[in-house]
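By convention in this document, chain letters (A, B, ...) are assigned in the order of the sequence lines, proteins followed by strands, and residues within each chain are numbered from 1.
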Amino acid sequence: MALNQVELGHTNELPGQDREAIVIPSRTKEMALKAGLGLTLILAMTFIALPVVSLFVKSPLDATLRSLYDPVVMDALKLSLMTSTLTTLTVVLMGTPIAYVNARFHYFGRDIADSLIDLPVIMPPAVAGIALLMAFGRMGILGHYLNAFGFGIAFTTLAVIIAQVFVSSPFYIRQAKTSFEDVDTAFEDAARTLGASRVYTFFHVILPIASNGLISGAIMAFARSLGEFGATIMFAGNFQGRTQTMPLAIYTAMQGDLNVSLCLAIILVIISFVVIALVKMLTRRVYKNVRD
Amino acid sequence: MALNQVELGHTNELPGQDREAIVIPSRTKEMALKAGLGLTLILAMTFIALPVVSLFVKSPLDATLRSLYDPVVMDALKLSLMTSTLTTLTVVLMGTPIAYVNARFHYFGRDIADSLIDLPVIMPPAVAGIALLMAFGRMGILGHYLNAFGFGIAFTTLAVIIAQVFVSSPFYIRQAKTSFEDVDTAFEDAARTLGASRVYTFFHVILPIASNGLISGAIMAFARSLGEFGATIMFAGNFQGRTQTMPLAIYTAMQGDLNVSLCLAIILVIISFVVIALVKMLTRRVYKNVRD
Amino acid sequence: MLEIDVEKQLRDFKLEVKIEVAEGEILMLVGDNGCGKTTLLNLVAGLISPDSGRIALDGRPLYDSAFRISVAPEVRNIGYVFQSYALFPHMSVYDNVAFGLRTRKLSEQEIEFLVKDHLEAAGLWEIRRAKAGSISGGQKQRVALARALIIEPRLLLLDEPLSALDVRKQAAMRRDLREKIHSCGVPSIIVTHDLRDVACIGDRACLIEKGKIALSGEADDVIGWGAIANSDVIKPKDSTV
Amino acid sequence: MLEIDVEKQLRDFKLEVKIEVAEGEILMLVGDNGCGKTTLLNLVAGLISPDSGRIALDGRPLYDSAFRISVAPEVRNIGYVFQSYALFPHMSVYDNVAFGLRTRKLSEQEIEFLVKDHLEAAGLWEIRRAKAGSISGGQKQRVALARALIIEPRLLLLDEPLSALDVRKQAAMRRDLREKIHSCGVPSIIVTHDLRDVACIGDRACLIEKGKIALSGEADDVIGWGAIANSDVIKPKDSTV
Amino acid sequence: ESKEITAFTAASLTGAFTEIGQMYKNETNISVVFNFDGSQVLRTQIENGAYADIFVSANTKQMNLMKNEGFMNNSSITVFTRTKPVIIVPKDNPAKIQSISDLAKPGLKIVIGTKDVPIGDYTLQILAKLANDSAFGPGFTKKVMANVVSNETNVNYITSKVALGEADAGFAYKSDVTKDLASKITKIEIPDKYNVIAEYPMGILKQSKYPAQAQEFINLVKSDKGMAVLEKYGFEPVISPAVSVKAASNATAPKATA
Ligand SMILES: Nc1ncnc2c1ncn2[C@@H]1O[C@H](COP(=O)(O)OP(=O)(O)OP(=O)(O)O)[C@@H](O)[C@H]1O
Ligand SMILES: Nc1ncnc2c1ncn2[C@@H]1O[C@H](COP(=O)(O)OP(=O)(O)OP(=O)(O)O)[C@@H](O)[C@H]1O
Ligand SMILES: [Mg+2]
Ligand SMILES: [Mg+2]
């Protein structure tokens with residue numbers, strides 16, 4: 001019942017203490033609660049915002065703008081956006097069925113499979129990169145065979161995507177699974193009796209109802225892959241235009257000048273912020289249409 | 001309706017094609033669907049599992065076990081588990097009210113606040129570390145004042161926790177927000193009419209109903225802080241027993257002997273896996289009690 | 001013809017039911033809260049599995065434990081009004097009603113024609129664009145009814161389908177339902193707590209007690225049943241309704 | 001005494017209601033689906049805000065747009081049975097009913113005594129440990145009723161509280177409700193579509209049409225109202241029920 | 001025909017080698033593709049099957065390991081530049097450090113490299129020499145070590161922390177204090193008798209498909225033009241191009257010759 005939403009600014013409209021205080025016994029409590037919540041919010045937001053703001057304050061903004069014209073930066077930016085987008089698509093396409101199956105079906109080894117999914121998050125990124133090399137590199141357990149067919153993965157743009165998928169998929173899958181679990185099975189039942197197959201039900205009923213969580217998970221995965229550094233540089237190398245994403249370009253610039261690298265970081269942060277905010281706005285509109 | 005759950009193994013019990021095929025027109029489709037889902041699942045699990053397995057296969061396990069007795073490793077392991085636990089607690093305590101407020105209330109600047117929360121994920125970890133130094137370091141925008149009171153943060157265990165909180169809180173907050181959004185306001189309304197204050201309602205109605213997502217988000221934040229490297233070493237430095245968490249120990253070892261570092265990585269992965277699996281089992285039991 | 005002969009262990013008791021419903025026959029199910037009426041409908045719809053037994057429609061088994069047959073709900077071709085409606089919250093009233101037609105791959109033109117027809121009859125055409133979550137309780141029940149009836153199913157399962165309708169709609173719907181079912185001739189099971197429904201709609205009635213059929217007979221006999229005798233219901237004097 | 005005089009713009013029309021309900025008086029609300037009955041209850045409960053107007057209980061304002069007063073729902077002390085029950089899905093039947101007592105900080109002993117009393121009266125004691133999501137529709141409605149009545153509220157708002165009850169429970173509940181309300185003397189509003197409820201429980205009745213009060217009078221007059229005349233309801237002959 | 005050669009190059013050479021790579025392209029029309037990262041990471045990558053024509057290491061240790069594992073064309077390995085550790089302090093120098101002896105002041109925050117990265121190894125060697133010198137003694141070294149707050153795994157982390165003023169002092173290579181960093185960091189030279197020399201070797205891999213072109217690139221690096229570029233970035237030229245890698249191994253690091 002969207003109507004019942006109570007606005008935070010609500011009791012500000014209540015009369016002063018002097019007038020009708022007796023009618024609203026919980027008013028002081030309510031005020032205290034709001035003050036407390038507001039304070040927590042402000043403190044927490046400060047904690048998160050302050051480092052970001054510091055980055056902006058302490059770096060020369062004109063230099064930031066100038067570095068946008070650097071072809072190295074343009075290459076890295078394009079590569080970052082391209083690979084992160086492809087990564088997010090892959091994660092969503094691959095992760096959605098996994099999340100759904102793990103949420104709704106019991107099969108042998110489900111708990112192990114479910115926990116396995118979290119492992120890439122625990123591995124420090126460079127270790128993840130080494131693990132990927134050991135699996136898909138030229139000498140790797142699988143890469144070894146692929147290489148026999150002349151198919152090398154490591155140190156290519158594909159490797160960037162693989163590293164990002166490996167590192168960011170858990171964030172999507174976990175949230176998607178929770179969202180699927182929280183969809184009432186009654187809707188599924190209703191759809192089935194109305195002649196919808198499992199697949200039709202999934203796409204027309206379950207997916208839209210779970211969409212809020214799925215979108216949020218996809219944004220997390222996108223953000224994580226935009227910031228991915230350790231696994232990428234280990235598994236894909238640091239080749240300008242081919243595997244040098246923004247985080248790698250930032251690292252490389254750091255060898256020469258901290259300032260330049262911070263400028264790049266600011267560019268990455270601003271552009272990602274804009275992209276994510278746009279995605280949110282767009283999906284909120286869709287979601288509103290879907291939900292309200 | 002838990003009763004309506006259909007098990008994946010279900011139609012395996014159906015009769016052979018030769019007998020009653022006409023009665024079950026969707027059987028072949030169903031089989032194809034299951035085969036497809038199973039294949040996707042297996043492929044995706046392989047993709048995630050293979051690197052992990054490679055790590056185990058290509059590293060000497062006896063060396064791994066031996067390194068457990070190394071005091072450096074024990075120190076790092078203890079520090080990692082301690083800081084990650086504290087980080088998760090902080091993230092949950094700080095993130096839950098933020099997530100709730102952002103999910104339920106409209107206030108000026110909410111959209112900006114909401115997007116700000118994701119920024120730490122986009123920043124490459126080393127940049128996050130620099131940003132933290134610029135904010136809370138000795139010369140930092142805020143740290144500067146703290147330092148005047150003789151309160152230095154950088155290079156302490158506290159800095160480790162701050163770095164981990166900064167990096168992992170978005171994962172919790174985002175999922176918690178989605179979970180809160182998905183709680184039907186009707187339950188909140190019912191609780192309020194029954195005399196429950198906002199706070200009571202939050203703890204006794206909203207929190208339990210959203211718990212599935214909250215737990216899953218907390219696990220993600222815990223996993224992310226266990227694997228955190230870049231921001232930690234930049235902001236907190238690398239000092240055994242004080243700021244050297246497992247990922248830092250792994251990177252340190254990597255400079256000398258890759259094999260040793262891989263042994264440490266395996267230890268980290270196994271122990272984290274056990275911890276997370278335990279947490280899941282425990283919370284599932286609680287959750288079952290709560291839900292079913 | 002619908003044949004049911006199933007067993008299912010529930011939390012508090014065992015459900016054991018054996019009934020048959022002929023083409024175009026309307027079987028009214030009455031019984032105390034929690035006696036297993038909804039569960040029985042779910043078994044017939046294929047949403048839960050019996051422990052053993054057989055359910056057959058027109059001689060073809062929908063479920064048969066002896067042959068390990070269990071037909072998926074989506075191919076049973078059922079019109080089911082859920083007790084809690086189970087409207088799709090993300091869809092408009094229109095899309096909810098059109099859902100069953102879309103799964104049957106009708107053209108959008110046919111769908112619009114049919115949906116308009118049903119929504120107008122149910123007095124829902126004005127709110128066709130409202131999301132299913134933002135309409136009143138009785139409106140929801142009407143949507144659920146329209147959604148189940150529009151697909152012209154082979155079998156009707158209605159779980160207290162009139163309980164939230166306003167007085168006028170209730171009266172009209174009783175008339176409509178009876179006519180509709182008799183004219184299309186599908187077996188129907190209607191659960192109700194309102195003996196007027198039994199008297200005005202039903203051909204036959206069953207009283208369920210703790211999962212077993214306690215009484216069964218002509219719909220008009222119900223008032224005489226001792227099991228529900230201390231009710232304050234008086235059978236309508238004339239059957240114009 | 002409950003005084004209501006509110007306006008609220010809804011999606012399809014404007015709700016404008018002015019009524020008073022005296023201590024111990026039972027006001028029955030009837031009206032077509034979507035006419036605004038549930039919305040009115042939500043306004044009185046404080047779950048949504050009117051656009052303007054005044055709601056007062058015993059002379060004290062619960063809401064007053066002129067003075068910008070709006071008392072939080074949790075201090076209005078209301079017993080509200082929601083049309084969709086809104087039982088807490090993560091709690092057992094017992095905990096659902098105990099909820100309102102716990103917020104009032106009664107001792108666990110008192111709570112157990114009271115809850116047991118109410119659950120036994122409602123025939124729910126056996127399933128007290130079942131989660132609220134895993135009981136039948138009628139059982140849910142009984143839990144919702146017990147949950148609202150146990151707190152001895154200053155005001156009762158019951159939204160179709162008997163619609164899913166079985167025949168016997170319905171009859172018993174009509175009697176009980178009327179007695180209980182009259183003995184504790186709180187103003188009560190009951191929404192219903194069943195004219196037997198109006199006749200057996202109500203003191204007074206209001207017919208709402210598109211958000212406005214169309215007719216208002218003694219409960220016994222309802223049958224005569226043309227607005228709902230083509231109903232098949234016949235007033236019980238004797239009032240023993 | 002568009003040939004390209006791949007050079008796995010230590011990250012600290014990013015600026016200089018990008019420039020020399022451009023020079024090489026202008027001269028030969030063959031482009032050099034660089035993979036800049038820590039020497040140890042580059043070695044791990046090559047061990048795991050990465051393709052490279054040239055390996056440029058920031059220290060002899062990684063090059064020797066590669067050699068011993070049989071990846072290198074041994075005769076091609078050559079030391080092409082040197083640098084030496086310096087003490088770095090923030091420009092405003094809050095701890096007022098003027099010379100090496102000030103490092104023992106209690107309460108300082110000093111960042112050094114961990115013992116397995118070359119800069120850390122060199123730092124420990126320097127401190128050991130100081131301990132052996134009567135002017136400082138073991139007590140001095142102990143006090144310095146007590147001031148260490150972090151053992152960094154990457155020289156960048158050292159320079160960043162000093163540049164931001166978070167650490168009072170650190171040990172880094174002279175060449176790490178780039179033109180841009182010079183505005184934030186002051187270098188304090190370490191007397192030659194206590195100092196060590198860091199050598200940068202490069203060589204061609206056995207797997208190289210273009211050894212001749214790779215050799216040309218090495219020659220360009222070692223030419224006067226190449227040396228000029230390296231000097232511009234703070235590296236010291238190698239006077240005698242014939243210095244062998246073995247003679248320059250860490251343990252027997254010769255006294256400064258530059
Ligand atoms: N959440 C909502 N958002 C917007 N409009 C709503 C919402 N709920 C109900 N409405 C609309 O408000 C009007 C009044 O609804 P209300 O629920 O008060 O009707 P009612 O009298 O209780 O009907 P019923 O007898 O069917 O329960 C209807 O037009 C309905 O469609
Ligand atoms: N999801 C569930 N899980 C477990 N038990 C359930 C569930 N739903 C209902 N039950 C129990 O199963 C029994 C039969 O319930 P059912 O819903 O079939 O009753 P009903 O005859 O439809 O009652 P009502 O008239 O109240 O709708 C009851 O004892 C009920 O408590
Ligand atoms: Mg039922
Ligand atoms: Mg209503």
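Heavy-atom minimum distance, B/Met139 versus E/Gly165: CE-O, 3.6 Å. In terms of heavy-atom proximity, B/Ile233 sits nearest to E/Tyr157 at CG2-CE1, 3.7 Å. Minimum heavy-atom separation, B/Met134 to E/Leu164: CE-CD2, 3.9 Å. The minimum heavy-atom distance linking E/Gln62 with B/Gln255 is given by the pair NE2-O, 4.1 Å. Between E/Val148 and B/Arg242, the shortest heavy-atom distance links the atoms O-NH2, 4.4 Å.
Interface remark: of the candidates E/Val41, E/Thr44, E/Asp116, E/Asp116 forms the most heavy-atom pairs closer than 4.5 Å to chain B. Ranking E/Leu65, E/Asn156, E/Asn151 against chain B, the residue ahead of the rest is E/Asn151, based on heavy-atom pairs under 4.5 Å.
Contacts between E/Val111 and chain B at a heavy-atom distance below 4.5 Å involve the side chain alone, from C-beta outward. Both the backbone and the side chain of B/Thr252 come within less than 4.5 Å of a heavy atom in chain E. Of the two parts of E/Lys109, only the side chain, counted from C-beta on, holds a non-hydrogen atom closer than 4.5 Å to a non-hydrogen atom of chain B. The contact between B/Leu258 and chain E is made entirely by side chain atoms (from C-beta outward), counting heavy-atom distances below 4.5 Å.
Applying the 6.0 Å contact sphere to NZ of E/Lys105 captures more than 12 heavy atoms from other residues, nucleotides or ligands. Heavy atoms of other residues, nucleotides or ligands lying less than 6.0 angstrom from NZ of E/Lys91 number more than 12.
Side-chain N or O atoms of E/Gln40 include one that pairs as donor or acceptor with a backbone N or O of B/Met254 at under 3.5 Å. At least one donor-acceptor pair closer than 3.5 Å links the side chain of E/Ser150 to the backbone N or O of B/Asn238. Proximity of a side-chain donor or acceptor of E/Glu166 to a complementary backbone N or O of B/Arg138 within less than 3.5 Å is detected.
Proximity to chain E among residues 111-126 of chain B is not found for any residue, judged by heavy-atom separations below 4.5 angstrom.
Among pairs with a residue in residues 51-86 of chain B, none fulfils ring pair (Phe, Tyr, Trp, His ring centres under 6.0 Å), at least two apart in sequence or across chains.
Side-chain contact check for B/Phe229 versus E/Thr153: some heavy-atom pair is nearer than 4.5 Å.
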Side chain to side chain contact (heavy atoms under 4.5 Å, CB included) evaluation trace for E/Lys161 with B/Phe155
CA-CA 11 Å; E/Lys161 278 171 193 165; B/Phe155 305 115; 3.9 Å; yes

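If you take OH on B/Tyr251 and CG on E/Asn154, they are separated by 10.5 Å, rounding to the nearest 0.5 Å.
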